[in-house]
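Everything on this sheet refers to the single structure shown next.
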Amino acid sequence: MDVWAQLVNGFAVALTAQNLLWALVGVTLGTAVGVLPGVGPAVTVALLLPITTKVDASGALIMFAGVYYGAMYGGSTTSILLNTPGESATIVTAMEGNQMARRGRAGPALATSAIGSFVAGTIATIGLTFLSPLVVELGLKFGPPEYFALMIVAFTTVSSVLGDSTLRGMVSLFLGLAIGLVGIDNQTGQARFSYGVPQLLDGIEVVTIAVGLFAVGETIYFASKMSQVEEKLEKLSGSIWMKPEDWKRSWKPWIRGTFIGFPFGTIPAGGAEIPTFLSYAIEKKLAKNPEEFGKGAIEGVAGPEAANNASSTGAMVPLLTLGLPTSATAAILLSAFQQYGLQPGPLLFEANAALVWGLIASFYVGNVMLLVLNLPLVGLWVKLLAIPKPQLYAGILVFATMGVYGMRQSPFDVFLLYGVGLAGFLMRRFGFPAAPVIVGMILGPLAEEQMRRALAISQGDPMIFVTHPISGGLLGLAVVVIVAPWLWRRFGPGARPA
Amino acid sequence: MAQARPKGQIAVSIGIAALGILVLAGAMELPAGGGYAQVGPGVVPRIVGGVLLFLGVLLLKEALTGGFRGIDEEAEVHLPMDWLAFAWVSGGILVYGLLVERAGFILSSILLFVAVARSFGSRRWLSNAGVGLAVGSFIFAVFNYGLGLQLPAGILRPILP
């Protein structure tokens, strides 16, 4: 069947009343957690994972995906009005958008980021629609060695691109891999690292780790280090609509941002940080009056916001077609698929076409919903920012702890959650990124499976990874990703003589 | 600057290396061979443990030679640590774990809410307890009467519907 027919079938799934409702719940929740500091899409999807036992796969996944891209829209509202970027991908928006807000132009800043996100999200979804079948074709030719090599590339990029240090990124990744080892080995039934504790036999739940690192760790960190730091919430005054001049200055950056962000999302290169900075730099270079940048240039909000959104939609390509997550939230989405016994990858497009295409179609629908939620209704979300921090974090922790306890009704999990939270606090304190832990713990067991399958094919000869040209090339790439930053520091133009 | 911090960094590095040794020790008890694949359940744990140990040593080297690289010097890292706030959050969660099945979900949620709010400097005990009660009861109602799950009622059982 061709793409168009598949897409039409997908819309038939996405446009049922029930799935429209799930999409609406997802994007609304996503916008809310994107706006609120202290809680993000990763924690939210993790806390919602238990509903997979009650809701059918397409409904739940449509909702989870809505949380994922809805949070991108909501995050920009906070960056613009509060100047505290919720995540690294919105640093640029925080700089430029907050400057606009300080000059009484919060409205146009919010508008250009919402419309830009819509344009980028929609174009990127079109890209996802037509690129996915091609990647699926490619993916069908891959065997275990190629998949293993692809996963290694994803590991290295996720841990060396996110964060300031490849070494600390690798530490985070291997912590995640170690967590992924706990529990029963799914190929031999051997219990690993359970130390006789029955709760550990099933492995450590991703909910506990995600909520511990992102919600509990962040709360401990903010309470003990940041509670004295004052934040100034900019008022949303005047019209939120853009003047004709704003439109004229925004539309090209939207398009350029989209075409920078989407490719970065599709390759497993970890995160939307680089494309947003790239887009900012390009807009500054192309602007008629670059001196306005840093003082509230609308292009500096329009471009990076589009890039951010396009890249997060682009990240769905490797996730759906190859089963490769490139961010913490994408990794948790992958584990949501696993809850239903589904494994994202080329076979999913054949065996569960209605589900995948329904999900893709829901992206088109969700982006329209988000435009409505974030433009006319933006005032509503701004009110969320008025919740005082003590009560906000207290509420977040009550929900987070309930989610982890309620999962298995076991106080053991609450203590484990606190332990993970302490680890998250230490990681934050010493500059270790958290996302590689999540990616490592979810992708690790899959990579091990592919590795052992590949070695079964080669009868134990590890050369199979090098002699297969694609896998050899990918592994070479992974080595470059790790070694290049080090070589650059050592021998690059800025290197200090040893 | 560099003198004040490394103590913590050295401890973290040693912790990572120690974790690597722990994983390695556990891995040695798992069979590495066997099966058609000739790769048993012990192989990947050996790799993960070994690499963690290696990374811990690299971290230690960084910590001892001028501190971790690439830490943003402007960052919050240098803000003073508020141990009282730390204790309030920690106590809140641990007490929750101890009490949730005895005192029940709603009461432990109130305590957790008040403790976390206090850690952020809020001393409005009564109004915080009120909000905690509202949030806790809302979740309890949704789960126990809406979704048919069982969050523990605890000592409030006699008065709950």
Side-chain angles (χ1 to χ4, degrees), chain A residues 54 163-165 167-168 170-171 174-175 177-178 181 185 187-188 190 192-193 195 216 219-229 388-391 393-399 401-402 405-406 409 411-412 414-415 417-418 421-422 425-426 429-431 444 448 451-453 455-456 459-460, chain B residues 8-9 12 16 19 23 26 30 35-41 44-45 48 51-52 55 58-59 62 68-72 76-77 79 81-83 85-86 88-90 92-94 96-98 100-101 105 109 112-114 116-117 119-122 128 131-132 135-136 139 143 147 149-151:
Chain A
K54 304 245 166 197
D164 325 300
S165 145
L167 176 56
R168 290 197 296 282
M170 293 300 283
V171 171
F174 275 86
L175 286 176
L177 293 176
L181 290 175
D185 172 33
Q187 293 184 52
T188 55
Q190 172 98 36
R192 298 196 291 194
F193 301 99
Y195 302 105
V216 179
T219 304
I220 300 177
Y221 186 82
F222 273 90
S224 55
K225 299 285 278 188
M226 301 283 282
S227 59
Q228 307 94 330
V229 179
K389 262 201 274 175
Q391 285 76 20
Y393 279 94
I396 290 172
L397 268 209
V398 167
F399 271 97
T401 328
M402 177 277 296
Y405 167 76
Q409 305 263 341
F412 172 84
V414 176
F415 297 117
L417 175 73
Y418 179 69
L422 269 190
F425 165 73
L426 285 176
R429 165 74 180 75
F430 290 100
E448 181 180 2
M451 184 190 102
R452 283 157 76 174
R453 264 196 220 155
L455 288 172
Q459 301 185 340
Chain B
Q9 294 187 351
V12 168
I16 298 291
L19 193 68
V23 174
L30 298 167
Y36 184 57
Q38 289 155 348
V39 177
V44 171
V48 172
V51 175
L52 265 179
L55 293 173
L58 287 185
L59 274 179
E62 278 197 357
F68 287 174
R69 308 297 191 268
I71 295 244
D72 189 357
E76 316 88 48
V77 176
L79 290 172
M81 175 77 190
D82 181 348
W83 286 107
F86 179 82
W88 273 107
V89 188
S90 305
I93 303 174
L94 294 175
Y96 183 98
L98 287 174
V100 68
E101 301 205 325
F105 172 78
S109 294
L112 178 61
F113 193 97
V114 171
V116 176
S119 79
F120 280 84
S122 170
N128 283 342
V131 180
V135 175
I139 299 174
F143 271 73
L147 298 175
L149 297 174
Q150 289 292 314
L151 289 172

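All values derive from a computational prediction rather than experimental measurement. First the proteins, then the strands, lettered A, B, ... as listed; each starts at 1.
A:Ala223 and B:Ser119 get closest at one heavy-atom pair: CB-OG, 3.5 Å. Scanning all heavy atoms of the two residues, the minimum distance from A:Tyr405 to B:Tyr96 falls at CB-CE2, 4.5 Å. Scanning both residues, B:Leu112 and A:Val398, for their nearest heavy atoms gives CD2-CA, 3.9 Å. Minimum interatomic distance between B:Val23 and A:Ala178 (heavy atoms only, all atoms of both residues): CG2-CB, 4.4 Å. Shown here for A:Arg168 and B:Glu62, the closest heavy-atom pair between the two residues is NH1-OE1, 4.3 Å. Looking at every heavy atom in both residues, B:Gly97 comes nearest to A:Val414 through CA-CG1, 3.7 Å.
Interface residue A:Phe425: only side-chain heavy atoms are found under 4.5 Å from chain B. A:Gln409 touches chain B through backbone and side chain together, each having a heavy atom under 4.5 Å away. With a 4.5 Å cut-off on non-hydrogen atoms, B:Leu98 touches chain A through its backbone and its side chain both. Both the backbone and the side chain of B:Leu151 come within contact range of chain A, each with at least one heavy atom under 4.5 Å from a heavy atom of that chain. With a threshold of 4.5 angstrom between heavy atoms, A:Phe193 approaches chain B through side-chain atoms but not through N, CA, C or O. Using a 4.5 Å cut-off between heavy atoms, B:Ile16 contacts chain A through its side chain alone, with no backbone atom that close. Looking at B:Val135, only its side chain comes within 4.5 Å of chain A, counting heavy atoms on both sides.
Residues A:Leu397 and B:Val89 meet the side-chain proximity criterion, which asks for heavy atoms closer than 4.5 Å. B:Ser109 places none of its side-chain heavy atoms less than 4.5 Å from the side chain of A:Met402. Within the 4.5 Å cutoff, no side-chain heavy atoms of B:Phe105 are placed close to those of A:Thr401. By the 4.5 Å heavy-atom criterion applied to side chains, A:Gln190 and B:Leu30 are counted as neighbours. A:Tyr418 is listed as a side-chain neighbour of B:Ser90, based on a closest heavy-atom distance under 4.5 Å.
Here the side chain of A:Glu448 pairs no donor or acceptor atom with the backbone of B:Val44 at under 3.5 angstrom.
Distance check, rounded to the nearest 0.5 Å: CG of B:Leu94 to CZ of A:Phe415 gives 6.5 Å. Residue A:Ser224 holds its OG atom at 8.5 Å from CZ of B:Phe120, rounded to the nearest 0.5 Å.
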(request) Could you give me the CA-CA distance, side-chain angles and deciding distance for B:Phe113 and A:Gln391, then say whether side chain to side chain contact (heavy atoms under 4.5 Å, CB included) is met? (result) CA-CA 8 Å; B:Phe113 193 97; A:Gln391 285 76 20; 4.1 Å; yes
(request) Take B:Phe86 and A:Leu422 through the side chain to side chain contact (heavy atoms under 4.5 Å, CB included) test and state the conclusion after the steps. (result) CA-CA 10 Å; B:Phe86 179 82; A:Leu422 269 190; 3.5 Å; yes
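Counting heavy-atom pairs closer than 4.5 Å to chain B, the top-ranked of the candidates A:Leu177, A:Leu167, A:Leu175 is A:Leu167. Comparing B:Pro45, B:Ser122, B:Gly136, B:Gly92 by how many heavy-atom pairs each has under 4.5 Å with chain A, the most go to B:Pro45. In terms of heavy-atom pairs under 4.5 Å with chain B, the best-connected choice from A:Val216, A:Leu426, A:Leu417, A:Thr219 is A:Thr219.
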